[in-house]
*Asks:* 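Have a look at this one before I ask anything.
Fair warning: this is a prediction, and the values are worked out from it, not measured in the lab.
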Amino acid sequence: THGEVCERNAHPHNSSPKNEFVVVQNGIITNYKEIRMMLEKEGYKVVTETDTEAIPKLFLYFYDQHIKDEKEGKPSSLSSSSSSLAPDSSQPQESLFTRLVKKMLKTIQGSYALVVKSTLFPNEVVITKKGSPMILGIKEDGVSHTEKTMIDITFSDSQPAATSSSAPATVSLTPSTLAATSSTTTTTTASTASSSSSSSSSTTTTTRRVEYFIASDINAIVEHTKRALYIEDGDVIHFSNDGRFRFYRDERRSLST
């Protein structure tokens with residue numbers, strides 16, 4: 001969307017030759033010039049004409065500031081204690097990678113769909129969107145289209161007090177939810193009610209091979225899978241290095257249509 005068609009301006013864009021952060025973007029960052037000016041004043045070298053390059057360099061700037069604050073013993077806006085998940089929560093703490101993405105989203109303006117990788121967080125991916133389309137396709141070996149699967153949804157502390165919670169909500173999705181699709185993680189947990197009592201249940205855990213496809217249009221993934229989750233504006237999805245993924249949302253919204 002910006003600059004001539006050349007290898008220098010082509011995606012993906014990185015924070016530096018060390019690839020601390022690498023970004024692919026579909027959309028336009030409207031305040032990229034202001035971000036570039038700030039980054040250049042801070043000593044970060046800009047090498048392309050694109051708006052997207054500002055994003056990985058902004059990631060590196062926030063990360064460097066976090067490391068500097070920790071070394072100097074100063075409080076950091078990226079510390080785990082500032083997360084909506086309490087440090088002593090029984091749920092996994094929000095990752096630093098996810099917190100970096102959330103901080104970046106408060107800075108950039110425009111319409112975008114982002115995929116972010118980092119050498120600082122090996123084998124992890126974070127995706128998010130605002131305005132631009134994004135879908136998550138899921139292909140899992142041995143899954144029936146009628147089987148329930150489980151995912152974790154985490155809501156920030158900006159939601160109304162009446163519905164706020166310090167721990168993520170676990171939501172059961174069926175293929176009839178979200179345009180006849182479902183989502184899963186590497187470990188799928190299915191709970192079925194006993195025929196003799198609705199209050200008793202049994203849990204079976206199985207490990208399956210899962211592939212994820214991130215695209216802006218269903219036509220890009222239909223040859224691989226017909227199970228897709230349509231990402232909403234403000235969603236942040238973190239894929240961890242064990243193959244699991246977690247949703248983070250700004251406010252509590254129903255997942256059912």
*Asks:* Could you tell me how the ring of His66 sits relative to the ring of Tyr63: parallel (under 30°), tilted (30 to 60°) or perpendicular (over 60°)?
*Replies:*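 Tilted, since the angle between the ring planes falls between 30° and 60°.
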*Asks:* About how many Å separate CG of Asn14 and OG1 of Thr52, when rounded to the nearest 0.5 Å?
*Replies:*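 Here the rounded value is 12.0 Å.
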*Asks:* Under 4.5 Å between any side-chain heavy atoms of Ile127 and Phe239, yes or no?
*Replies:*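 Yes, close enough: below the 4.5 Å cut-off.
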*Asks:* I'd like to know whether Phe59 forms a side chain to side chain contact (heavy atoms under 4.5 Å, CB included) with Glu20, so could you lay out the CA-CA distance, the side-chain angles of the two residues, the decisive distance to 0.1 Å, and finally the verdict.
*Replies:* CA-CA 9 Å; Phe59 272 123; Glu20 296 96 341; over 6 Å; no
*Asks:* I'd like to know if the side chain of Glu124 pairs up with that of His238 as donor and acceptor (distance under 3.5 Å, no hydrogens or angles considered).
*Replies:*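 Yes.
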*Asks:* Sub-3.5 Å donor-acceptor pair from the side chain of His13 to the main-chain atoms of Asn9, do we have one?
*Replies:*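 Flag set: sc His13 to bb Asn9 pair under 3.5 Å.
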*Asks:* With distance as the sole test, does Asn31 use its side chain to make a donor-acceptor pair with the main-chain N or O of Gln109 at under 3.5 Å?
*Replies:*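 Such a contact is found between Asn31 side chain and Gln109 backbone.
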*Asks:* For Thr50 and Thr48, test the side chains for any donor-to-acceptor distance below 3.5 angstrom and give the result as yes or no.
*Replies:*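 Side chains of Thr50 and Thr48: pair found under 3.5 Å.
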*Asks:* Any chance you could measure Glu53, atom CD, to His11, atom NE2, to the nearest 0.5 Å?
*Replies:*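 If I round to the nearest 0.5 Å, the distance is 10.5 Å.
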*Asks:* Of all heavy-atom pairs between Asn241 and Pro122, which one has the smallest distance, and what is that distance?
*Replies:*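 The answer is CB-O, 3.7 Å.
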*Asks:* Please tell me whether Val22 and Phe97 are part of a single hydrophobic cluster in this structure, the criterion being side-chain heavy atoms less than 4.5 Å apart.
*Replies:*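 Cluster IDs for Val22 and Phe97 differ.
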*Asks:* Are Ile67 and Val101 joined in one hydrophobic group, where the rule is that I, L, V, M, F, W and Y side chains link up if heavy atoms are under 4.5 Å apart?
*Replies:*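 In one cluster: yes.
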*Asks:* Working to the nearest 0.5 angstrom, can you tell me the gap between Thr107 OG1 and Leu58 CG?
*Replies:*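 With rounding to 0.5 Å, OG1 (Thr107) is 5.0 Å from CG (Leu58).
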*Asks:* Treat each ILVMFWY residue as a node, draw an edge where side-chain heavy atoms are under 4.5 Å apart, and state whether Tyr61 and Leu120 are in one component.
*Replies:*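 Hydrophobic grouping puts Tyr61 with Leu120.
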*Asks:* Check whether Thr225 reaches the backbone of Ile138 with its side chain - one donor and one acceptor, N or O, closer than 3.5 Å.
*Replies:*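 Yes, because the side chain of Thr225 sits within donor-acceptor range (under 3.5 Å) of the backbone of Ile138.
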*Asks:* Please determine if Glu72 and Lys74 form a salt bridge, counting it only when a charged side-chain N lies under 4.0 Å from a carboxylate O.
*Replies:*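 Judged by the 4.0 Å cut-off on N to carboxylate O distance, Glu72 and Lys74 do form a salt bridge.
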*Asks:* Can you tell me how far OH of Tyr230 sits from CG of Leu136, rounded to the nearest 0.5 angstrom?
*Replies:*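 It comes to 11.5 Å.
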*Asks:* Rounded to the nearest 0.5 Å, how far does OH of Tyr212 lie from CD1 of Ile237?
*Replies:*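 Rounded to the nearest 0.5 Å, the CD1-OH separation comes out at 10.5 Å.
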*Asks:* Does Phe62 have Lys103 sitting over its ring (NZ/CZ under 6.0 Å from centre, angle to axis within 45°)?
*Replies:*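 Yes; both conditions hold, so Lys103 lies above the ring face of Phe62.
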*Asks:* Looking at every non-hydrogen atom in both residues, tell me the closest pair between Ile231 and Lys129 and how far apart they are.
*Replies:*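 Looking at all heavy atoms of both residues, the closest pair is O-CD, 3.2 Å.
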*Asks:* So, Asp51 and Tyr112: side-chain donor and acceptor under 3.5 Å apart, yes or no?
*Replies:*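 No.
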*Asks:* Do you know the tightest heavy-atom contact between Glu49 and Arg36?
*Replies:*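 Closest approach of Glu49 to Arg36: C-NH1, 3.9 Å.
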*Asks:* Is the ring pair Phe121/Phe21 parallel, tilted or perpendicular, if the boundaries are 30 and 60 degrees?
*Replies:*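 The arrangement is tilted - the two ring planes meet at 30° to 60°.
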*Asks:* What closest approach, in Å, do Ser216 and Asn26 show between heavy atoms, and which atom pair accounts for it?
*Replies:*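 Result for this residue pair: CB-ND2, 3.8 Å.
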*Asks:* Specify the closest pair of heavy atoms between Gln25 and Ser111, including all atoms of both residues, with the distance to one decimal.
*Replies:*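 Residues Gln25 and Ser111, closest heavy atoms: OE1-O, 3.9 Å.
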*Asks:* Return the OG to CG distance between Ser15 and Asp64, rounded to the nearest 0.5 Å.
*Replies:*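 Separation between the atoms: 8.5 Å.
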*Asks:* Please walk me through it: do Ile108 and Lys130 pass side chain to side chain contact (heavy atoms under 4.5 Å, CB included)?
*Replies:* CA-CA 11 Å; Ile108 64 172; Lys130 176 186 176 184; over 6 Å; no
*Asks:* Please answer: with hydrophobic residues joined when any side-chain heavy atoms are less than 4.5 Å apart, are Val23 and Met38 in the same cluster?
*Replies:*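 Both belong to a single hydrophobic cluster.
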*Asks:* Going by an N to O cut-off under 4.0 Å, is there a salt bridge joining Arg249 and Asp235?
*Replies:*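 Salt bridge: yes.
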*Asks:* Using the side-chain contact (heavy atoms from CB on, under 4.5 Å) definition, which of the options Asp217, Ile218, Asn219 pairs with Ile221?
*Replies:*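 Testing each of Asp217, Ile218, Asn219 against Ile221, the sole residue satisfying side-chain contact (heavy atoms from CB on, under 4.5 Å) is Ile218.
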*Asks:* Go through the steps to decide whether Leu105 and Val236 satisfy the test side chain to side chain contact (heavy atoms under 4.5 Å, CB included), and finish with yes or no.
*Replies:* CA-CA 10 Å; Leu105 293 179; Val236 176; 3.8 Å; yes
*Asks:* Of all the heavy-atom pairs spanning Pro75 and Asp69, show the shortest one and how long it is.
*Replies:*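 Closest heavy-atom pair between Pro75 and Asp69: O-OD2, 4.0 Å.
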*Asks:* Tell me, with the steps shown, if Ile55 and Tyr32 meet side chain to side chain contact (heavy atoms under 4.5 Å, CB included).
*Replies:* CA-CA 8 Å; Ile55 301 173; Tyr32 80 100; over 6 Å; no
